[in-house]
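Given the structure is predicted, the values throughout are model-derived calculations rather than measurements.
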Amino acid sequence: MDELDRVAVLSDIPTAITRLVRESAYPEIADWAAYFLDARASDTEALETFGPRDGRR
């Protein structure tokens, strides 16, 4: 993925989700994309999940 593709994903989330669902073989890609790309995880959930990896609590 080049830089333009990354920018396109960030600027058009619905299209990115549609493309992922269409092109991915991952069975739960629609749920994954909706949760992570539509940012249904809160800041608190993200810190609880990823914070311990870098020493935060």
Side-chain angles (χ1 to χ4, degrees):
M1 177 181 283
D2 65 23
E3 191 62 30
L4 286 176
D5 287 338
R6 288 187 193 110
V7 170
V9 167
L10 294 175
S11 65
D12 191 356
I13 299 299
T15 299
I17 291 171
T18 299
R19 182 176 170 186
L20 279 170
V21 170
R22 183 179 63 237
E23 296 178 11
S24 177
Y26 181 67
E28 297 172 3
I29 191 63
D31 292 337
W32 181 94
Y35 189 80
F36 288 101
L37 294 181
D38 272 343
R40 293 185 184 158
S42 70
D43 293 347
T44 301
E45 289 172 311
L47 285 173
E48 287 173 354
T49 300
F50 297 107
R53 293 181 182 178
D54 70 1
R56 288 179 280 175
R57 300 220 183 275

* **Residue pair Val21 / Ile29: nearest heavy atoms and the distance that separates them** => CA-CG2, 3.8 Å
* Structure fact -> Between the OH atom in Tyr35 and the CD1 atom in Ile17, the distance rounded to the nearest 0.5 Å is 14.0 Å
* Would you say the side chain of Tyr26 lies within less than 4.5 Å of the side chain of Leu20, judging by non-hydrogen atoms? -> no
* Structure fact -> Residue set satisfying side chain to side chain donor-acceptor pair (under 3.5 Å) with Glu23, at least two apart, ordered chain then number -> Arg19
* Structure fact -> Residues at least two apart in sequence or cross-chain that pass side-chain contact (heavy atoms from CB on, under 4.5 Å) with Thr18, listed by chain then number, are Arg22
